[in-house]
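The next block holds one structure in the form of structure tokens; read it before the comments.
FYI, the numbering just counts along the sequence from 1. Both counts, for ligands and for their atoms, begin at 1 and track the order of listing. Note that the structure is a prediction, hence the values are computed from the model and not measured.
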Amino acid sequence: MNTIDKFNKHIMPTYGRYDVVLKKGESTTATDENGKEYIDFGCGIGTNSLGFCDDEWADAVSKQAHTLQHTSNYYYTSISSYVAEKLTEWCGYSKVFFANSGAEANECAIKLARKYSFDKYGKGRHNIITLVNSFHGRTLLTLTATGQDVFHNYFFPFAEGFIYAPANDTEALLKLLDENKDTVCAVMFECVQGEGGVVSLSKDYLKTLCEECKKRDILTICDEVQTGVGRTGKFLASEHFGIKPNVTTLAKGLAGGIPIGVCMADESCCDVLTKGMHGSTFGGNPVCCAGASVVLDRVQNKEFLDGVLKKGEYIKNELIKMKNVRSVSGLGMMIGIELEGIDASTLCKKCLDNGLLVLTAKEKLRLLPPLTITYEQIDKGLKILSSCLEN
Ligand SMILES: *Cc1c(COP(=O)(O)O)cnc(C)c1O
């Protein structure tokens, strides 16, 4: 039986997959089992920050696998403390919790916010305000946190404790905060809504949101699972907006393509979850932390980040000249393309046929190229995209 048939026979049909079996990758190029090559503008959904199989990254990961692959969290390992130190120092947070995915990092943030409020105010202040069109994950709790009705189906009953606010609407937010002043412990948001179509929130809105929450002792949780780790040309997207949320979560790009999630908390709430209150068997896994250490050593560098910003600007400038492109959104190398005359999934398939991997986000085409991509590779990919848009 061939791979595709075997796969479909034994793996649950939760994804619409393309009929391509990828076999290996190098830098910005993936190769399928027939030897056909693809330029990668999707990056495993923003995870392979350094591209495919970066030498330094692969060496660190395999060296760690040969040294100590896992210990459980009953013991200390130096590689996880290295990653935690790099994260807290660069981002200005006090402590981190290690998980294995974005959804888990967000679960930690939600538990932390509720416990923070419980400690200070007792029961009842458990609601989290999230934004319409957000995406926070696939667990039952983070699905409920996700502010899109399409996700609130089939799996009833969903968790309680979420209130949805329209994004970028300060008045509506203030009204909800007033109406629910005794029940809200946190507001959670993405600076740039990724799955929601690469939609950036406004700076004024986010500034007011953070100020008003602070006044009310409501925690701010920034979901940077997609926007974080240099994706937008700053290490955290929140830096573009001049805000410092109490809690920030990271995942996708952090370990360069192996599973990790992190919940980072500031001084006000970093000791709220104490012994036995939260955990994860694999959290802080040394192999994944070894991957993260290489990503952080590379990405936590102003020159590197400025380079990401510049490449993003270059790509956007080229895109806007292309046929059937109505508008371009996003920050750094997190890019959304509003199309006309062709729908995103048709274009995505056409690009694949022509040797370019891209993503969609709602009705838009979405690009998340590896942060290390060269201009030559960018031009190669854009040429394919442009010709797919033309005919
Ligand atoms: C992908 C994503 C998640 C979920 O991450 P998983 O690792 O799939 O659990 C959560 N929030 C945002 C903003 C994401 O883009």
Next item on the list: Consider every N or O of Ala103 and every N or O of ligand 1, then say whether any pair is closer than 3.5 Å.
Entry: yes
Checklist line | Glu190, any N or O under 3.5 Å of ligand 1 N or O | finding: no
Checklist line | NZ/NE/NH1/NH2 to OD/OE distance under 4.0 Å, Glu211 and Lys214 | finding: no
Note to self: Strictly below 4.0 Å, N to O, side chains only: are Glu340 and Arg326 in salt-bridge contact?
What the structure shows: yes
Next item on the list: Indicate, with yes or no, if the rings of Tyr154 and Phe156 have centres closer together than 6.0 Å.
Entry: no
Checklist line | Which segment of Asn106 sits under 4.0 Å of ligand 1 when only heavy atoms are counted | finding: side chain
Check: Will you find, in the side chains of Asp379 and Tyr314, an N or O donor that is under 3.5 Å from an N or O acceptor?
Finding: yes
Note to self: If we count only N and O atoms by modelled type, under 3.5 Å, do the side chains of Thr130 and His136 hold a donor and an acceptor together?
What the structure shows: no
Margin query: I want to confirm something. Looking only at heavy atoms, which of Leu250, Val225, Val192 is nearest to atom 3 (C) of ligand 1?
Written below: Val225
Tell me the protein heavy atom at minimum distance from [atom], and give that distance in Å.
atom: atom 11 (N) of ligand 1; answer: Asp223 OD2, 2.8 Å
atom: atom 6 (P) of ligand 1; answer: Gly102 N, 3.5 Å
atom: atom 2 (C) of ligand 1; answer: Lys252 NZ, 2.5 Å

Quick check on contacts: which atoms of ligand 1 are under 4.0 angstrom from a heavy atom of [X]?
X: Ser101; result: 7 (O), 9 (O)
X: His136; result: 10 (C), 11 (N)
X: Gln226; result: 15 (O)

Item checked: Cluster link Ile260 to Ile45, ILVMFWY, side chain under 4.5 Å -> no
Check: Going from NZ on Lys36 to CG on Asn354, what distance comes out if it is rounded to the nearest 0.5 angstrom?
Finding: 7.0 Å
Item checked: More than 12 heavy atoms from other groups under 6.0 Å of CD on Glu179 -> yes
Next item on the list: Kindly indicate whether atom 8 (O) of ligand 1 is approached by any protein heavy atom to under 4.0 angstrom.
Entry: no
